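Following: one structure in structure tokens, then a few remarks.
This one's a predicted model, so the numbers in the text were calculated from it and none came from an experiment. FYI, the numbering just counts along the sequence from 1.
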Amino acid sequence: VKRVIDVVGSAASLLALSPVLIGTALAIKLTSPGPIFFSQRRSGLHGRVFTMYKFRSMYREADRRLAELQAHNEQEGPVFKMKADPRITPVGQFLRRSSVDEIPQIINVLRGEMSIVGPRPPLPVEVARYQPWHRRRLDVKPGITCLWQIAGRSQIGFDEWMRLDMQYLRTRGLRTDLTIFLKTLPAVMARRGAY
């Protein structure tokens with residue numbers, strides 16, 4: 001049932017959001033050189049690596065600058081979060097705060113690599129630094145939205161983020177997914193921890 005909801009919901013979303021997709025693609029292309037989409041290897045169900053898609057929100061060669069910015073990391077644990085990241089383009093700042101950059105992940109849902117609701121897919125280098133209990137979040141398919149996103153995103157510490165994912169694992173079901181989905185739009189509009 002969850003897979004049927006994912007396919008129908010993501011297909012309907014692609015149609016409904018097509019004007020947003022076109023407008024975003026034009027804004028990215030006209031304001032900074034580089035591709036419209038950003039693809040990155042992420043760890044999915046049981047740690048299987050897949051290619052996740054986003055609208056590009058950073059300047060080209062942003063990954064090469066990550067090492068020089070590590071001292072400015074504002075998140076604990078193996079993830080990197082920086083509120084005033086200089087690698088982000090002006091258009092990219094809006095895309096991130098509004099979560100529009102996440103829309104292309106609908107393609108990953110259609111392909112069966114992600115779900116609409118589930119823990120956010122981590123980078124393989126982050127998974128390599130996980131404690132054993134962190135790895136349990138890989139027992140379910142990753143999602144576009146989750147408890148972490150509706151609870152404050154980057155304002156939440158890493159261990160608390162992982163605990164929210166463990167809570168999802170314990171309580172997951174159609175009712176839980178619907179509750180998270182319905183709370184996502186207000187959370188996106190509030191923009192708490194979105195950067």
Side-chain angles (χ1 to χ4, degrees), residues 1-14 35 37-58 62-63 66-67 70 73 75-81 96 99 101-184 187-188 193-194:
V1 174
K2 182 178 173 71
R3 179 61 186 152
V4 171
I5 292 171
D6 281 343
V7 171
V8 173
S10 54
S13 296
L14 274 179
F37 297 103
F38 170 74
S39 62
Q40 191 175 51
R41 304 293 280 169
R42 295 290 183 111
S43 294
L45 181 64
H46 305 312
R48 286 195 294 268
V49 177
F50 69 98
T51 301
M52 189 188 76
Y53 300 100
K54 285 188 173 188
F55 278 121
R56 181 174 60 84
S57 61
M58 292 186 173
D63 285 343
L66 181 59
Q70 282 293 345
N73 189 9
Q75 180 61 275
E76 59 191 30
V79 296
F80 180 86
K81 299 286 182 183
R96 285 179 168 228
S99 297
D101 64 321
E102 310 281 3
I103 294 175
Q105 288 161 44
I106 293 171
I107 296 168
N108 293 114
V109 176
L110 285 170
R111 290 169 54 165
E113 298 156 336
M114 292 178 64
S115 181
I116 293 173
V117 179
R120 291 296 296 152
L123 293 165
V125 293
E126 295 170 357
V127 174
R129 296 174 57 194
Y130 274 2
Q131 295 179 27
W133 71 276
H134 296 155
R135 290 180 174 272
R136 288 186 51 214
R137 70 194 300 270
L138 302 175
D139 289 347
V140 295
K141 197 177 289 187
I144 296 176
T145 187
C146 59
L147 285 173
W148 172 74
Q149 288 204 298
I150 65 173
R153 298 168 76 168
S154 298
Q155 293 180 342
I156 295 171
F158 181 74
D159 279 345
E160 181 59 25
W161 175 2
M162 296 298 104
R163 289 189 188 97
L164 287 170
D165 287 342
M166 297 305 116
Q167 180 182 332
Y168 176 75
L169 262 67
R170 291 192 302 271
T171 62
R172 70 186 186 274
L174 295 181
R175 180 179 295 180
T176 300
D177 282 7
L178 180 61
T179 300
I180 293 171
F181 180 78
L182 292 176
K183 289 182 177 180
T184 296
V188 166

Task: Within the 6.0 Å centroid threshold, strictly below: Phe55 and Phe37 - done: yes

TODO: Using atom types as modelled and distance alone, determine if a side-chain donor or acceptor of Asp177 lies under 3.5 Å from a backbone N or O of Arg172.
DONE: no

Open item on the list: Surrounding OH of Tyr130 (heavy atoms of other residues, nucleotides or ligands, distance under 6.0 Å), is the total greater than 12?
Closed with: yes

TODO: Using the six-membered ring wherever Trp is involved, compare the ring planes of His134 and Phe158 and label them parallel, tilted or perpendicular (cut-offs 30° and 60°).
DONE: perpendicular

Task: Distance in Å, Thr184 OG1 paired with Ile116 CD1, rounded so as to fall on 0.5 Å steps - done: 10.0 Å

TODO: Check Val140 against Tyr168 and note the closest heavy-atom contact, atom names and distance.
DONE: CG2-CE2, 4.4 Å

TODO: Ignoring hydrogens and angles, state whether a donor on the side chain of Ser43 or Arg48 is under 3.5 Å from an acceptor on the partner side chain.
DONE: no

- [ ] Measure from the side-chain N and O atoms of Ser39 to the backbone N and O of Thr51, and report whether any donor-acceptor pair falls under 3.5 Å.
- [x] no

Task: Separation between OG1 of Thr145 and CD of Gln105, rounded to the nearest 0.5 Å - done: 10.5 Å

- [ ] Starting at CE of Met162, measure out to CH2 of Trp148 and round the result to the nearest 0.5 Å.
- [x] 8.5 Å

Open item on the list: Please check this pair: side chain of Arg135 against backbone of Val127, looking for a donor-acceptor N/O pair closer than 3.5 Å.
Closed with: yes

Open item on the list: Restricting to non-hydrogen atoms, name the atom on Val79 and the atom on Asn73 that form the minimum distance, rounded to 0.1 Å.
Closed with: O-ND2, 2.9 Å

- [ ] Might you point out which heavy atoms bring Gly118 and Cys146 nearest each other, and give the distance in Å?
- [x] O-CB, 3.1 Å

- [ ] Mark yes or no for whether Glu102, through its side chain, and Ser99, through its backbone, hold a donor-acceptor pair below 3.5 Å.
- [x] no

Open item on the list: Rounded at 0.5 Å granularity, tell me how far CD in Gln75 sits from CD1 in Ile156.
Closed with: 9.0 Å

Task: Close side-chain approach of Lys81 to Gln155, heavy-atom, < 4.5 Å - done: no

Open item on the list: Tell me whether Lys2 contacts the main-chain N or O of Val117 through its side chain, where contact means a donor paired with an acceptor under 3.5 Å.
Closed with: yes

Task: Test item: Trp161 and Asp165 side chains (from C-beta on) under 4.5 Å apart, heavy atoms - done: yes

Open item on the list: Could you check whether any side-chain N or O of Arg120 sits under 3.5 Å from a backbone N or O of Gly143, counting only pairs where one atom can act as donor and the other as acceptor?
Closed with: yes

TODO: Locate the shortest heavy-atom distance separating Leu138 from Gly44; write the atom from each residue and the value.
DONE: CD2-O, 3.8 Å

TODO: Mind listing the closest non-hydrogen atom pair of Leu110 and Ala11 along with its distance?
DONE: CD2-N, 4.1 Å

Open item on the list: Within the structure provided, determine whether Trp133 and Asp159 are in side-chain contact (heavy-atom separation under 4.5 Å).
Closed with: yes

Open item on the list: Restricting to non-hydrogen atoms, name the atom on Arg137 and the atom on Met166 that form the minimum distance, rounded to 0.1 Å.
Closed with: N-CE, 3.6 Å

Open item on the list: Return the CG to CD1 distance between Asp6 and Ile144, rounded to the nearest 0.5 Å.
Closed with: 8.5 Å

Open item on the list: Tell me if a side-chain donor or acceptor on Arg42 pairs with a main-chain N or O of Pro121 at a distance below 3.5 Å.
Closed with: yes

TODO: Using atom types as modelled and distance alone, determine if a side-chain donor or acceptor of Glu113 lies under 3.5 Å from a backbone N or O of Lys141.
DONE: no

TODO: Enter the distance from Ser13:OG to Ile106:CD1 here, rounded to the nearest 0.5 Å.
DONE: 4.5 Å

